[in-house]
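Worksheet for the structure shown next.
Both backbone and side-chain heavy atoms feed into the values below; hydrogens, waters and symmetry mates do not.
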Amino acid sequence: MPEGPEVEIVKRGLLAIKNQQISQIIVSNHPKYNLIQDRLSHISRVLDIHRIGKFLIWEFDSNVFAINHLGMTGIWSIQNTKEESNLQELVLKKHFKLGFHCDSGDFFMFEDIRTFGRFEIYNDDPRKFHPTLVNMGPDILDKNFSNVEFSKRLKGKGSRGRSAEIGNALLNQSIIAGCGNIYKSESLFLSNIDPRRKVNTLSDTEMNKLGESLQIVAKKALEAGGSTIRDFVTVDGYDGLMQNEFKIYGKENEPCPNCQSTIIKIKQGGRSTYLCAKCQK
DNA sequence: CCAGCAGCCTGTGCGC
DNA sequence: TGCGCACAGGCTGCTG
């Protein structure tokens, strides 16, 4: 579901839980979740929530951490439960997975339709040792984003460079963190680069331009409150507006905003990719 | 080390 | 109205 900017927006909303007193943790019976109840039994507060790429890292008291990923359809929301019946209703919802009930009455609830999401408990900060997190590439929202580091990872370690298509490489989080299928198409369009180009054919100038474009698109998405195609909403239930700003994503058969030629849709690695074959070389 | 692919899931929208 | 199919914003683990 969400890419880096959407996860950042979710994180900012969730920070409302910081330092609240958690009175009750409710976990669904789903096999992916039913074991975490015990491992959360000693926690009473959230100290902080961090984002790394599309992952949220929850930092609780008692030295407990969680790796939380929204997958495609994970949704956090803040619900009011002044009446006990409200709470019962919420936890019975079909895709309810996990919830933190606070003394204030706030109920922080995680739902996940396709259960691609995760909430896994650790006794140390997983950013220090979890391979996926340790190897994460530069983040598209990082103010100190390094084009040098991005290019280095894009080129890979072999002398011949990567043979993957750039459209696929941008979904590799160890190359660039926080980019997903939508912003992939948007930033390649902004860079005038054809998604089918092999990474090892890109010039340094093109890589730099791509690095810049990724940041421009991500920043714009963040300011627009994220993209709501289907499921994404803020924790307060608001849709994003970035989908109204798309230049290319989802615009098959529509005219290119630059040159008016017809936008095409192709399959790359099983995913839809949109491009203007005239503008993107 | 790298590229490609199946698999994990449910819901929706389309054509027939 | 119902059925089958393709598709959906992501990641992991396996193969070669």
Side chain of [X]: nearest nucleotide among [options]?
| X | options | value |
| --- | --- | --- |
| A:R114 | C:dC7, C:dT12, B:dT10 | B:dT10 |
| A:T115 | B:dC9, B:dA3, B:dG11 | B:dC9 |
| A:K267 | C:dG10, C:dC7, B:dG11 | C:dC7 |

Is the shortest side-chain N/O distance from [X] to OP1 or OP2 of [N] below 4.0 Å?
| X | N | result |
| --- | --- | --- |
| A:H95 | B:dG11 | yes |
| A:K157 | B:dC2 | no |
| A:T132 | C:dT12 | yes |
| A:K94 | B:dG11 | yes |
| A:Q173 | C:dC11 | yes |
| A:R271 | C:dA8 | no |

Could you tell me the separation between the [atom1] atom of [X] and the [atom2] atom of [N], rounded to a whole number of Å?
| X | N | atom1 | atom2 | answer |
| --- | --- | --- | --- | --- |
| A:K155 | B:dA3 | NZ | C1' | 20 Å |
| A:I113 | B:dC8 | CD1 | C1' | 16 Å |
| A:R51 | C:dG10 | CZ | C1' | 15 Å |
| A:K32 | B:dG7 | NZ | P | 17 Å |
| A:H130 | C:dG13 | NE2 | C1' | 13 Å |
| A:L171 | C:dA8 | CG | C1' | 14 Å |
| A:Q268 | C:dC7 | CD | P | 15 Å |
| A:E165 | B:dC5 | CD | C1' | 14 Å |

Does a salt bridge link A:E8 with A:R51, judged by any charged N lying under 4.0 Å from a carboxylate O?
yes
Pair assignment for B:dC9, Watson-Crick or G-U wobble, requiring both distances under 3.5 Å:
none
Would you tell me whether [X] and [Y] have side-chain atoms, one donor and one acceptor, within less than 3.5 Å of each other?
| X | Y | answer |
| --- | --- | --- |
| A:Y274 | A:E254 | no |
| A:K32 | A:T115 | no |
| A:S187 | A:S213 | no |

Rounding to the closest angstrom, what is the interatomic distance between C:dG4 and B:dC9 at atom P?
22 Å
Hey, which sits more toward the 5' end of DNA chain B by its nearest nucleotide, A:I175 or A:H30?
A:I175
From A:F108, A:W58, A:F232, A:F107, residue fulfilling ring-ring contact (aromatic ring centres under 6.0 Å, His included) relative to A:W76:
A:W58
Within the stacking criterion (centroid distance below 5.5 Å, interplanar angle below 30°), does A:F116 stack on C:dC11?
no
